[in-house]
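Below is one structure, written out as structure tokens; comments come after it.
For ligands, and for the atoms within them, numbers begin at 1 and follow the listed sequence.
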Amino acid sequence: MPDVMGIRGYDFVEFYVGSAKMTAYWFAKALNLEITGYLGPETGVRDRVSYYLTKNNLRFVVTSPARPDCYEVYGFTNRHGDGVKRWAVEVDSVDDAFRYATQNGAVMVAKPHRLEDHHGYVEQAAIRLYDDTELVYINRDNFNHIFKPGYCEPRQKIAIAAQDTGLIGVDHIVGNVRENEMNLWADYFNKTMGFETFVDFKPGDIGTKYSALLSKVVRTKDSKIKNPINEPFEGLKKSQIEEYIEQYHGSGVQHIAINTDDIVKSIAALRANGIEFLQIPDTYYDMLAKREDLNITEDINDLKKHGILCDIEGSGYLLQLFTKPIGDRPTFFFEFIQRKGAEGFGKGNFQSLFESIELDQKLRGNLDREPSELMPPC
Ligand code: FE2
């Protein structure tokens with residue numbers, strides 16, 4: 001079914017961070033992205049520095065402030081730590097997409113406008129998402145240089161040795177919101193963007209006996225854009241979503257899933273590049289091997305060796321793995337996913353996954369609701 005907004009797919013994701021230069025190095029080294037663009041004082045922008053990183057369909061921007069009056073970026077990183085400020089969808093017409101969204105109740109951040117230089121122009125507009133995040137509509141059909149006007153090639157090409165991760169593009173982007181906000185944001189996507197609710201995880205569907213969450217997945221009708229939204233649900237201990245909201249100081253993007261067509265190779269390379277993943281117990285693979293509906297082409301020993309999760313969905317399945325939070329706060333993380341005829345998000349893996357997250361939450365002293373005395377000072 002054609003998309004009412006003329007959405008072609010994901011475009012870029014921009015992170016606001018403490019140090020763009022050092023984060024760009026991490027993205028290049030750990031994820032094996034290429035630093036293809038730069039914007040900063042040398043290019044005439046005085047208050048901030050941005051690096052543009054790419055690989056196949058992945059386009060990430062990392063931005064940090066270059067002086068104290070860059071309040072927009074400082075304000076974000078002071079409150080949230082490093083995190084996703086905006087994610088963009090490529091559209092046929094920025095004007096049409098923005099008009100549809102705002103006429104249906106979207107909160108405007110930036111009206112359609114052109115960024116222009118001698119290489120052409122880029123059109124974009126933005127609406128509000130969650131507390132402090134933006135969704136950008138962008139069209140770069142009339143621009144034939146690096147990313148957007150203002151970007152140039154990095155002044156120095158630094159060779160950063162990294163194993164080839166084979167990452168392809170964004171599969172889905174997940175938001176965490178407060179209790180009772182999930183329906184509000186799901187409706188916001190459905191009304192303003194012409195999305196539909198694809199999956200609705202109800203109380204009891206997701207969680208251990210200690211911590212739980214509710215989740216709805218909204219997506220474009222052609223399924224190019226998939227946006228799960230989580231909210232905490234009552235449990236004996238603190239939900240991982242509650243921990244995120246506390247540590248991020250608000251609602252925002254929890255994780256980005258990146259797809260690959262050879263997850264065993266990708267995870268081996270990502271581990272070699274230094275990425276830390278959630279730990280999956282060996283018993284998970286003993287249980288998996290016993291399943292009668294297991295019909296996968298991968299060697300289960302390879303999955304076990306690299307700690308990759310497998311969820312069977314009818315005649316298809318998906319393989320996935322989650323990193324630990326990549327920054328200093330237990331907030332944003334990445335997921336890597338290979339879909340083999342499965343459209344879901346790994347519901348069958350939630351139990352093992354959450355038990356692993358709860359172990360880390362406990363170590364941080366964030367699993368109990370009361371101030372924890374679990375860990376003595378180092
Ligand atoms: Fe995910």
Side-chain angles (χ1 to χ4, degrees), residues 9-10 13 15 31 57-58 60 83-84 87 89 129-130 133 165 167-177 182 185-186 189 195 197-201 205-208 211-220 223-233 239-241 243-245 248 251-261 263 266-267 270 275-280 284 303 307-313 316-326 330-358 360:
Y10 288 105
V13 179
F15 298 76
L31 298 180
N57 295 324
L58 278 179
F60 288 161
V84 173
W87 56 272
V89 290
L129 269 190
Y130 314 131
T133 312
T165 54
L167 301 180
I168 297 171
V170 172
D171 182 90
H172 59 274
I173 298 179
V174 181
N176 277 352
V177 299
M182 179 184 71
W185 285 107
F189 273 99
F195 281 30
T197 300
F198 170 55
V199 190
D200 186 355
F201 295 112
D205 283 349
I206 317 178
T208 66
S211 63
L213 60 90
L214 303 179
S215 189
K216 267 190 178 176
V217 181
V218 293
R219 65 173 187 184
T220 50
S223 198
K224 278 183 197 153
I225 308 291
K226 298 178 277 290
N227 190 87
I229 304 162
N230 303 322
E231 74 170 41
F233 186 67
S239 164
Q240 57 177 284
I241 311 304
E243 185 195 33
Y244 174 100
I245 299 287
Y248 191 77
S251 57
V253 171
Q254 180 210 39
H255 76 265
I256 295 175
I258 300 175
N259 48 45
T260 165
D261 55 16
I263 198 163
S266 292
I267 298 295
L270 290 158
I275 290 206
E276 260 190 309
F277 289 98
L278 289 179
Q279 285 179 348
I280 310 303
Y284 173 89
L303 301 186
I308 297 164
L309 296 158
C310 173
D311 193 30
I312 300 161
E313 201 184 275
Y317 62 99
L318 63 82
L319 302 158
Q320 64 185 166
L321 188 55
F322 300 82
T323 71
K324 294 199 173 196
I326 65 165
T331 52
F332 179 82
F333 59 87
F334 282 110
E335 172 187 350
F336 303 100
I337 185 166
Q338 183 177 9
R339 294 185 181 278
K340 296 196 133 180
E343 289 272 293
F345 297 86
K347 182 171 181 264
N349 292 325
F350 289 165
Q351 186 74 24
S352 309
L353 196 61
F354 287 8
E355 283 169 4
S356 179
I357 290 172
E358 279 171 12
D360 287 348

- Message: Determine whether a donor-acceptor pair (N or O, by modelled atom type, separation under 3.5 Å) exists between the side chain of Gln338 and the backbone of Asp261.
- Response: yes
- Note on the structure: For Asp311 and Lys347, the nearest pair of non-hydrogen atoms, with its separation, is OD2-N, 3.2 Å
- Message: Applying ring pair (Phe, Tyr, Trp, His ring centres under 6.0 Å), can you list everything that pairs with Phe15, at least two apart in sequence or on another chain?
- Response: Phe27, Phe60, Phe332
- Task: Give a yes or no on whether the backbone of Glu343 and the side-chain of Glu313 come within a donor-acceptor separation of less than 3.5 Å.
- Result: yes
- Checking Asn259 side chain against Gly169 main chain: does a donor-acceptor pair fall under 3.5 Å? yes
- Verify, without hydrogens or angle tests, whether Arg339 (side chain) and Gly344 (backbone) share a donor-acceptor contact under 3.5 angstrom. yes
- Item | Sub-2.8 Å protein N, O or S atoms surrounding the Fe ion (ligand 1) | His172 NE2, His255 NE2, Glu335 OE1
